[in-house]
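Chain identifiers are assigned alphabetically (A, B, ...) following the order of the sequence lines, protein sequences preceding nucleic acid strands; residue numbering begins at 1 within each chain.
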Amino acid sequence: MRIATWNVNSIRARADRIEAWLDRSDVDVLAIQETKAKDENFPWELFEFAGYEVAHFGVNQWNGVAIASRVGLKDVERTFPDQPTFGKPGQEPAQEARAIAATCDGVRIWSLYVPNGRGLEDPHMPYKLEWLRVLEGHARQWVQDDPDAQIALVGDWNVAPRDEDVWDIQLFKDGGYTHVSEPERAAFNAFVEDAGYQDVVRPRHPGPGVYTYWDYTQLRFPKKEGMRIDFQLCSPALAARVTDAWIDRDERKGKGASDHAPVVIEID
DNA sequence: ATGTCCCTTGGTAAGGGA
């Protein structure tokens, strides 16, 4: 089985790209982030024509996550239990469309769009950290309850866990940028160190210089100035089945590309 | 060579988010 994760940065603006990519990538499951669409604006027919079932979770023009599968799509779950809410000062906190799960051919797949954080002192940062903390608690419990659990936590994590995961770590540190701070890295690393999940892509494609995201501005892509922030974390039992993994950097090329590349794993 | 891209709205420009 082949599982991909891809922050598409608008499902409607990317419809042709996604259709073409499904045609040539031969993936069985595609976890999508940043659809930027409500259900009523979601291009259901795109997936139907391509032979995929699809489940979507979108409440407004922000965020939005989906899972498309041609190997079954069962027990769809929108948001994880006790998922933190967010609202700007003066606004009512609300659930955001950042997590959707489904079981596809026996694998429990979570399509995740982790909050950005926006700034080290921004209210969005404690939201991001709490969001990851609560999710990690569940993830740890799932594998404690069942050591054979087949779970894939995939998506845009908005964290660069290592210095080599950005093109210029000094720029990030001097500038006080998000994604590389110790609290963010600790929140991410807990999935690996405490819950026992494995990044199954990095060992096959170590850095430096291996990225999944390149900002649209500043010619970041042609200058090879990117960030590794999209990950597939597998439970121990699922990680043992992984036979291959790659980042489809070519999909970032050309006009009309998302700013993220798809990340793909192969399971026996 | 390069001042991005995408979404929304009593819109046709401006603001929000990444």
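With C1' as the reference atom, dC5(B) and dG10(B) are 26 Å apart, rounded to whole Å. A distance of about 15 Å separates the C1' atoms of dG16(B) and dG11(B), rounded to the whole Å. Spacing between dT2(B) and dC7(B) at atom C1', rounded to whole Å, works out to 23 Å. On the C1' atoms, dC6(B) is 23 Å away from dA1(B), given to the nearest whole Å. Spacing between dG3(B) and dT8(B) at atom C1', rounded to whole Å, works out to 22 Å.
A donor-acceptor contact shorter than 3.5 Å is absent between the side chain of Arg98(A) and the backbone of Glu34(A). Of the possible polar contacts, one joining the Trp44(A) side chain to the Asp39(A) backbone as a donor-acceptor pair under 3.5 Å is found.
Going from atom CD of Gln218(A) over to atom P of dG3(B) covers 10 Å, rounded to whole Å.
Tested against Trp167(A) for a ring-ring contact (aromatic ring centres under 6.0 Å, His included), the candidates Phe172(A), Tyr177(A), Tyr213(A), Phe221(A) yield a single pass: Phe172(A).
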With a cut-off of 3.5 Å and sequence neighbours excluded, list every side-chain donor-acceptor pair involving residues 114-123 of chain A.
{"unit_1": "Asn116(A)", "atom_1": "OD1", "unit_2": "Arg118(A)", "atom_2": "N", "d": "2.7"}
{"unit_1": "Asp122(A)", "atom_1": "OD1", "unit_2": "His124(A)", "atom_2": "N", "d": "2.8"}

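In summary, the side chains of Lys38(A) and Asn60(A) do not present any donor paired with an acceptor at a separation below 3.5 Å, with no hydrogens or angles considered.
With sequence neighbours left out, Phe191(A) forms a ring-ring contact (aromatic ring centres under 6.0 Å, His included) with Trp157(A).
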Quiz item: Using a cut-off of 4.0 Å between protein heavy atoms and nucleotide atoms, how would you tag nucleotides 5-18 of chain B 5' to 3' with B, S and -?
Solution: SBSS-------BBS
